[in-house]
Amino acid sequence: MEKPPSVLFAGLRFNKKRFSDDIARFKPKEEEEAAVAFQASDPPEVTATKKSKKRKRKDEGPEIVEGFSVFKSKRKAREVVEDEEAVEDGEREQRKEAEKQIEKAAILRKKFGIHISGLNVPCPIESFPELSSRYDCKSYLLRNLLERGFKEPTPIQRQAIPVLFSGRECFACAPTGSGKTLAFLCPILMKLKPGSKDGIKAVILCPTRELAAQTTRECKKLAKRRKFYIKVMTKELSRCGNFEKIPCDILVSTPLRIEVAMRKSKLDLSRVEYLILDEADKLFELGFVEQIDSVVKACSNPSIVRSLFSATLPESVEDLARSIMHDAVRVIIGKKNSASELIKQKLVFVGSEKGKLLAIRQSFAESLNPPILVFVQSKERAKELYKELAFDDIKADVIHADLNQLQRENAVDNFRAGRTWVLIATDVVARGMDFKGVNCVINYDFPDSASAYIHRIGRCGRAGRSGEAITFYTEEDKPFLRNIANVMEASGCKVPSWILDLRKLRKKKHRPHRDSISTLPEDDAE
Ligand SMILES: Nc1ncnc2c1ncn2[C@@H]1O[C@H](COP(=O)(O)OP(=O)(O)OP(=O)(O)O)[C@@H](O)[C@H]1O
């Protein structure tokens, strides 16, 4: 099993006074060794060598007291030389091994576009079975991964699993649909003992109930064949659940519900070992940040491992998080804050609100390739567009925050099952939701920021599949085009040069008042 790097230096105990001359001779080497180990990737084999050496030295018996007899000191001198040689050999071997591991890690990272910062970052895994050889991962988990059809780890999984498993805190930024969920669930399941009676051991926070429910489902599938208690925080649980009696190893919640539970129910988070903030940049936005703060405080276990995951992690969020994290590792896959390269992105000028309705109808008439997700700016507009499309013999549905939980769940389930072809949505499903096989995302209303754009279009082009994203824009949206165009260009899409020449805008959010969506003349629409 992988051990912290400090183990590498344990066991070397010299009588410094006695061997001061030798120490002087060895000094430069020690420094060199420290430098190598600082960069080293926790090579497990190296750790093992050192451990056995430590044991051997202990078995050699008590140290000989200087000046005890001439015979003994002669023997001692010979032993010292032998010892030195052995230490030199060991060190050389160790250094060679560490260098090999560093090289291997560098090759893997280059191959998979993994960028890291932080000291002593564990080597990425080459394959899922390596979890078992390197970390003693139980066979049930490998079996579950295989059953889900996951043959190879994705780049974020290759790096984030070893990082979290070895107890390092972590910021992770990887494209939408690249398997971040499994990257944090795997190490949690590997590390925790199932069915513990002494409280919640892992907390996963997500910005929406839909995402919390999805993550819980994913976690249960991965934990199959093990008696983990995995719970999603429902409204009832948060208000009147007695967590002293409810067995729970892993708790998934929105920030609001967990905060209510901390106030109203007996929710003790002091034994939590893993705290994951999924869609972390959203969780650090105004409206969530106070709740997050109280959860972070309540997770008071000194050895807690906290981590942030998102497809978009602005510097401001990293700075804020860095102030609470210890010795965190930063893992970026590909280019930071960029859209998935699997999505073909297109900007379409529609002139006005009326133009949008014509354009979407025309697009559906030409080729309707469901499932299609259509994003609008507000719940009012979602209802309006739904009314319009309902006339058109298209199996459409709508999801927004005005629906009750059951209606929201039904909308998601029907879309997942293919009973709904077109789902009209607000940003409530823009983040994290994994609708399998969405072919096209239409931004009916221009997204309010570059990160909103990345997450919205990221509902297609997931898990290696291709997708298409169409963004309508009007005269009013033109000044904000450049933000989106930059994202498009960074992910390899063609963008007209005039857009890239537009002036940079200071204002990041764009949420204009828009005319209502209707084919009726203005007066009739009133
Ligand atoms: N190793 C793997 N091999 C194949 N598919 C995988 C693998 N890991 C995860 N997936 C699948 O990839 C899809 C996307 O995964 P996930 O939802 O975790 O993405 P994400 O990176 O969290 O995306 P988002 O940023 O949108 O939240 C899921 O359907 C998941 O089952």
Side-chain angles (χ1 to χ4, degrees), residues 112-114 124-131 137 141-142 144-161 164 170-189 204-208 210-222 224 252 276-283 307-313 331-334 336-343 371 373 375 412 415-416 425 427-438 441 451-467 469 487 491:
F112 295 107
I114 302 169
I125 49 166
E126 279 188 277
S127 65
F128 282 129
E130 200 181 325
L131 293 178
C137 170
L141 188 54
L142 294 181
N144 291 345
L145 286 169
L146 212 63
E147 267 185 21
R148 307 276 335 267
F150 303 156
K151 296 190 182 88
E152 290 282 323
T154 64
I156 185 64
Q157 293 161 4
R158 287 176 194 274
Q159 185 62 83
I161 296 175
L164 288 180
C170 165
F171 305 90
C173 185
T176 51
S178 65
K180 292 187 284 297
T181 316
L182 203 137
F184 59 73
L185 289 179
C186 257
I188 293 177
L189 293 174
I204 301 164
L205 294 182
C206 313
T208 61
E210 283 73 17
L211 185 54
Q214 178 184 290
T215 304
T216 311
R217 261 198 314 274
E218 194 63 29
C219 190
K220 284 183 177 169
K221 282 183 198 162
L222 268 188
K224 216 171 100 186
V252 189
I276 310 286
L277 306 185
D278 192 15
E279 307 297 343
D281 50 333
K282 186 75 194 169
L283 296 179
S307 62
L308 273 61
F309 280 78
S310 185
T312 49
L313 265 186
V331 182
I332 311 287
I333 307 298
K336 197 179 169 216
N337 301 336
S338 65
S340 162
E341 291 182 2
L342 299 163
I343 307 167
L373 250 175
F375 282 106
V412 169
F415 189 56
R416 280 209 164 108
D427 283 329
V428 75
V429 293
R431 278 178 177 261
M433 295 303 288
D434 188 46
F435 301 113
K436 298 253 168 356
V438 171
V441 169
S451 62
Y453 175 76
I454 292 169
H455 289 279
R456 278 182 176 187
I457 71 165
R459 295 320 97 206
C460 68
R462 302 176 70 76
R465 287 178 54 114
S466 61
V487 174
S491 50

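Since the structure is predicted, the reported quantities are computational estimates derived from the model, not experimental observations. In each ligand, atom 1 is the first atom listed, and ligand 1 is the first ligand listed.
Ion pairing between Glu152 and Arg158 holds under the 4.0 Å rule for side-chain N and carboxylate O.
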Ligand 1: protein N/O within less than 3.5 Å of ligand N/O:
{"unit_1": "ligand 1", "atom_1": "1 (N)", "unit_2": "Glu152", "atom_2": "O", "d": "2.8"}
{"unit_1": "ligand 1", "atom_1": "1 (N)", "unit_2": "Gln157", "atom_2": "OE1", "d": "3.0"}
{"unit_1": "ligand 1", "atom_1": "8 (N)", "unit_2": "Gln157", "atom_2": "NE2", "d": "2.8"}
{"unit_1": "ligand 1", "atom_1": "17 (O)", "unit_2": "Arg462", "atom_2": "NH2", "d": "3.0"}
{"unit_1": "ligand 1", "atom_1": "18 (O)", "unit_2": "Lys180", "atom_2": "N", "d": "3.4"}
{"unit_1": "ligand 1", "atom_1": "18 (O)", "unit_2": "Thr181", "atom_2": "N", "d": "3.1"}
{"unit_1": "ligand 1", "atom_1": "18 (O)", "unit_2": "Thr181", "atom_2": "OG1", "d": "2.6"}
{"unit_1": "ligand 1", "atom_1": "19 (O)", "unit_2": "Gly179", "atom_2": "N", "d": "3.3"}
{"unit_1": "ligand 1", "atom_1": "19 (O)", "unit_2": "Arg462", "atom_2": "NH2", "d": "3.4"}
{"unit_1": "ligand 1", "atom_1": "21 (O)", "unit_2": "Ser178", "atom_2": "N", "d": "3.0"}
{"unit_1": "ligand 1", "atom_1": "21 (O)", "unit_2": "Gly179", "atom_2": "N", "d": "3.1"}
{"unit_1": "ligand 1", "atom_1": "21 (O)", "unit_2": "Lys180", "atom_2": "N", "d": "3.1"}
{"unit_1": "ligand 1", "atom_1": "21 (O)", "unit_2": "Lys180", "atom_2": "NZ", "d": "2.8"}
{"unit_1": "ligand 1", "atom_1": "22 (O)", "unit_2": "Thr181", "atom_2": "OG1", "d": "3.4"}
{"unit_1": "ligand 1", "atom_1": "23 (O)", "unit_2": "Gly177", "atom_2": "N", "d": "2.8"}
{"unit_1": "ligand 1", "atom_1": "23 (O)", "unit_2": "Arg462", "atom_2": "NH2", "d": "3.1"}
{"unit_1": "ligand 1", "atom_1": "25 (O)", "unit_2": "Lys180", "atom_2": "NZ", "d": "2.7"}
{"unit_1": "ligand 1", "atom_1": "26 (O)", "unit_2": "Arg459", "atom_2": "NH1", "d": "2.9"}
{"unit_1": "ligand 1", "atom_1": "26 (O)", "unit_2": "Arg459", "atom_2": "NH2", "d": "2.9"}
{"unit_1": "ligand 1", "atom_1": "26 (O)", "unit_2": "Arg462", "atom_2": "NH1", "d": "2.8"}
{"unit_1": "ligand 1", "atom_1": "26 (O)", "unit_2": "Arg462", "atom_2": "NH2", "d": "3.3"}
{"unit_1": "ligand 1", "atom_1": "27 (O)", "unit_2": "Glu279", "atom_2": "OE2", "d": "3.2"}
{"unit_1": "ligand 1", "atom_1": "29 (O)", "unit_2": "Asp434", "atom_2": "OD1", "d": "3.4"}
{"unit_1": "ligand 1", "atom_1": "29 (O)", "unit_2": "Asp434", "atom_2": "OD2", "d": "2.5"}
{"unit_1": "ligand 1", "atom_1": "29 (O)", "unit_2": "Lys436", "atom_2": "NZ", "d": "3.4"}

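For Lys224, the side chain to side chain donor-acceptor pair (under 3.5 Å) partners at least two apart in sequence or on another chain are Glu147. For Ala425, the side-chain contact (heavy atoms from CB on, under 4.5 Å) criterion is met by Leu373, Phe375, Ile399, Val429, not counting sequence neighbours. With sequence neighbours left out, the side-chain contact (heavy atoms from CB on, under 4.5 Å) criterion links Pro155 to Phe112, Ile114, Ile333.
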Would you check, one step at a time, whether the test ring-ring contact (aromatic ring centres under 6.0 Å, His included) holds for Phe128 with Phe150? CA-CA 9 Å; Phe128 282 129; Phe150 303 156; 7.3 Å; no
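A donor-acceptor contact shorter than 3.5 Å is absent between the side chain of Lys221 and the backbone of Asn144.
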